[in-house]
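What follows is a single structure, written as structure tokens, with notes after it.
We count ligands from 1, going down the list as the structure has it; atoms in each ligand are counted the same way.
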Amino acid sequence: MGQDVEKSVILAVDDEPAVLSAVARDLRREYGKQYRVLRADSGTTALESVRRLKLRNKPVALFLVDQRMPGMSGVEFLEQAIELFPAAKRVLLTAYADTEAAIRAINEVGLDYYLMKPWDPPEEHLYPVLTDLLDDWQGQFSPPFEGIRVVGHRWSAQSHQVKDFLSRNLVPYQWLDIEIDEEAHHLLEFSNADGSQLPLVLFPDGPPLPQPTNVQIAEKLGLRMHPGLAFYDLVIVGAGPAGLAAAVYGASEGLSTLLIEREAPGGQAGTSSRIENYLGFPIGLSGGDLTRRAVAQVSRFGAEILTPLEATGIRTQDSYRFVALTDGSEVSCHALLIATGASYRKLDLPGIERLTGAGVYYGAAITEALACRDKDVFIVGGGNSAGQAAMYLSKYASSVTILVRGESLATSMSQYLIAQIEAQENIAVWIRSRVVEAKGSTSLEVIIIADVVTGDVRTVPAYALFIFIGAMPHTDWVADVLKRDSQGFILTGPDLLRDGRRPRGWNLDRAPYLLETSVPGVFAAGDVRQRSVKRVASAVGEGSMAVQFVHQYLSRVPE
Ligand SMILES: Cc1cc2nc3c(=O)[nH]c(=O)nc-3n(C[C@H](O)[C@H](O)[C@H](O)COP(=O)(O)OP(=O)(O)OC[C@H]3O[C@@H](n4cnc5c(N)ncnc54)[C@H](O)[C@@H]3O)c2cc1C
């Protein structure tokens, strides 16, 4: 394959083997450096090649086709081929007796030229014509999208999940909506898939994947999902800001460090459209940008990142800590950091669950913003994340309405965001308002909103509803081992002491370190921790600090 992967294609079609070899040889000699020359010995095999090229998004610059072939004539082939590559130049190879057919083809298939066989010497009869056509083609040519393409339904939760997974892993992709995009239909047909198998994910190489899981996509993308070692000094679960910071400090300070992430590095911060209060970035930076930089830094120091891979439990044995993984394996370490963060609480109301992914979204403002162009969208929640989402969506949507239960945003949102929202003409804030129901057949159509004081309800058309309400920690998987508060946040350090007494089962002659949990050698940092500040900077700070406690712990751990 090599360089050919990048090249546009010239396809020669002729049923006579000697002629086909000669034409392919002449084409390669003159154009082989710039184009990939393919050949086919019939119209039918040529059409198969054309479909394959379409599936892989490889452009065809020129069809050079014999008119007189059994089964399918050159013109018949071109009729079908140009539907898929309408910009390709078309040249017929004809014998004297085909002249009339060739002239008709000028109108029927927009033939650019017909060449009489034989074309010798090519310098005189072949290259001048083709070079001229190829130059013309180059002039009009805009290179196709080289990456991954996703074909699916706009209102499918599964399509949303695939798009979200790709964008959160910072993988560029092209979205093709089966309802409005003709190209999407061609791709579905050539993949031998049917409409019930969407979303379909197409890669520049290899077969398309119908309805892939995140793990299947990750395998195809070459994301790493298996640890390189059986044992690490430090294992970190969760690659949000806290986990990423801990990985940078752990690896840069000589600890063999493994980071395990179940979705995509970046955590909640990775979904943020603009973080404006992070030190050192006076005009703010996007969560994607912060994540990209952090992942590069982690890798540079040699920590391993496994994603998507979920930790499902922990256990201890002597001085070893074990993390169970979804693939059934375990990885062991001396010190373990839980940095699994939190995510938005679910809104448990009629219609919400059914329409999640089909107009109702948790977070996800970045992934869906483009689709909201010129539409009316609503946001539930009054925190900074809701405010940022409103600002971001207001660039696309015709109106953005923030629904808050209270009397104002002042108690829950930073002043700088409130000022931005007030200055943005297409954002409205409806106070004393709560959603009571979402309705729509295949996607969200209306939401019903109640006044929390009077109870009056009104029904408003809504294209999308973005939910940003209270955090819920990801700690179910450690519930039977670590002490948590009533909401599930992990207790650490002084919060574990009751009347100065250490937690039950604590068998060391020292109190738990500041970020240490009820199990020695197991630490927690970031949003997952009780009373944490729930900010990017504080998560980064805690992740970095945790490594200092890991060093102190390791200095006394028996080998
Ligand atoms: C939209 C949005 C905008 C925000 N804007 C700002 C802002 O402008 N400024 C600011 O300071 N803060 C902001 N925040 C808050 C900030 O992002 C969080 O406080 C911060 O991300 C917390 O970091 P963390 O590492 O503790 O956890 P998280 O960011 O929640 O990361 C935890 C990670 O752990 C992974 N995980 C969970 N369970 C498992 C498991 N069992 N196995 C493996 N992996 C697991 C998750 O997938 C996730 O990637 C925003 C939050 C959101 C959602």
Side-chain angles (χ1 to χ4, degrees), residues 164-165 168-169 214 225 235-247 258-279 281 284-288 290-291 294-295 305-314 323-327 331 336-345 361-367 379 381 383-393 413-414 416-417 420 466-479 488-490 515 524-529 532-544 546:
D164 204 44
F165 179 74
R168 296 201 50 205
N169 277 287
N214 286 353
M225 286 185 286
V235 169
I236 302 160
V237 184
L244 288 164
L258 176 70
L259 184 54
I260 298 167
E261 167 56 50
R262 71 174 175 188
E263 286 169 21
Q268 296 168 71
T271 67
S272 169
S273 46
R274 184 146 289 268
I275 300 164
E276 298 201 45
N277 53 1
Y278 190 57
L279 186 70
F281 295 88
L285 84 169
S286 71
L290 180 65
T291 304
V295 169
I305 307 184
L306 305 186
T307 183
L309 189 63
E310 184 167 1
T312 52
I314 56 175
V323 181
L325 303 168
T326 22
D327 63 6
V331 61
L336 174 62
L337 176 66
I338 313 292
T340 44
S343 55
Y344 290 104
R345 278 185 196 290
Y361 305 99
Y362 288 91
I366 301 182
T367 316
I379 292 175
N384 280 357
S385 44
Q388 283 175 13
M391 286 304 297
Y392 191 70
L393 288 164
M413 198 179 283
S414 298
Y416 78 88
L417 263 177
Q420 287 178 5
F466 295 90
I467 301 168
F468 293 86
I469 53 168
M472 204 167 52
H474 299 135
T475 57
D476 287 352
W477 65 287
V478 292
F489 290 96
I490 296 175
L515 299 178
D527 282 15
V528 78
R529 218 174 53 80
S532 61
V533 179
K534 315 238 168 359
R535 290 283 183 277
V536 177
S538 54
V540 167
E542 289 191 10
S544 323

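- In this structure, Y278 has no heavy atom closer than 4.0 Å to ligand 1.
- Partners of Y392 under the ring pair (Phe, Tyr, Trp, His ring centres under 6.0 Å) rule, at least two apart in sequence or in another chain, are Y396.
- Judged as a ring pair (Phe, Tyr, Trp, His ring centres under 6.0 Å), and not counting sequence neighbours, the contacts of Y344 are F468.
- When only interatomic distances are considered, the shortest N/O to N/O separation between V237 and ligand 1 does not fall below 3.5 Å.
- Counting heavy atoms from C-beta on, the side chains of T291 and P241 never come closer than 4.5 Å.
- Contacts between A342 and ligand 1 below 4.0 angstrom, taking non-hydrogen atoms only, involve the backbone exclusively.
- Remark: ligand 1 and D527 share an N or O pair separated by less than 3.5 Å (distance only, no angle test).
- Here the shortest heavy-atom distance to atom 45 (C) of ligand 1, taken over E276, R168, R262, belongs to R262.
- Put simply, the side chain of P473 does not reach to within 4.5 Å of the side chain of I490, judged on heavy atoms.
- No N or O atom of I275 sits closer than 3.5 Å to an N or O atom of ligand 1.
- Using a 4.5 Å heavy-atom cutoff, the side chains of V528 and H474 are not in contact.
- Across the listed options G341, G543, S538, S385, G341 owns the non-hydrogen atom lying nearest to atom 27 (O) of ligand 1.
- When the options S272, G270, G240, G387 are ranked by their closest heavy atom to atom 31 (O) of ligand 1, first place goes to G240.
- Shown in contact with A242 at under 4.0 Å from a heavy atom are these atoms of ligand 1, numbered in order with element: 25 (O), 26 (O).
- For atom 50 (C) of ligand 1, no protein non-hydrogen atom is found at a distance below 4.0 Å.
- When atom types are taken as modelled, the side chain of E276 and the backbone of G284 share no donor-acceptor pair closer than 3.5 angstrom.
- Closest to atom 24 (P) of ligand 1 among all protein heavy atoms lies P241 CD, 3.9 Å.
- Residue contacts with ligand 1, taken as heavy atom pairs separated by less than 4.0 Å, involve V536 via backbone and side-chain atoms alike.
- Below 4.0 Å from some heavy atom of L309 lie the following atoms of ligand 1, by number and element: 43 (C).
- Note on ligand 1: V528 sits outside its first shell, no heavy atom being nearer than 4.0 Å.
- Looking at I260, L336, L337 one by one, the single match for side chain to side chain contact (heavy atoms under 4.5 Å, CB included) with I236 turns out to be L337.
- With Q388, K534, R529, Q268 as candidates, the residue nearest to atom 8 (O) of ligand 1 on a non-hydrogen basis is Q388.
- With distances taken over non-hydrogen atoms, the option nearest atom 32 (C) of ligand 1 out of G381, P265, A339 is A339.
- In this structure, P308 and M225 have side chains that are in contact, with non-hydrogen atoms separated by less than 4.5 Å.
- Residue I260 has at least one heavy-atom neighbour below 4.0 Å for each of these atoms of ligand 1: 43 (C), 44 (N).
- Contacts with ligand 1 closer than 4.0 Å are made by no heavy atom of N384, backbone or side chain.
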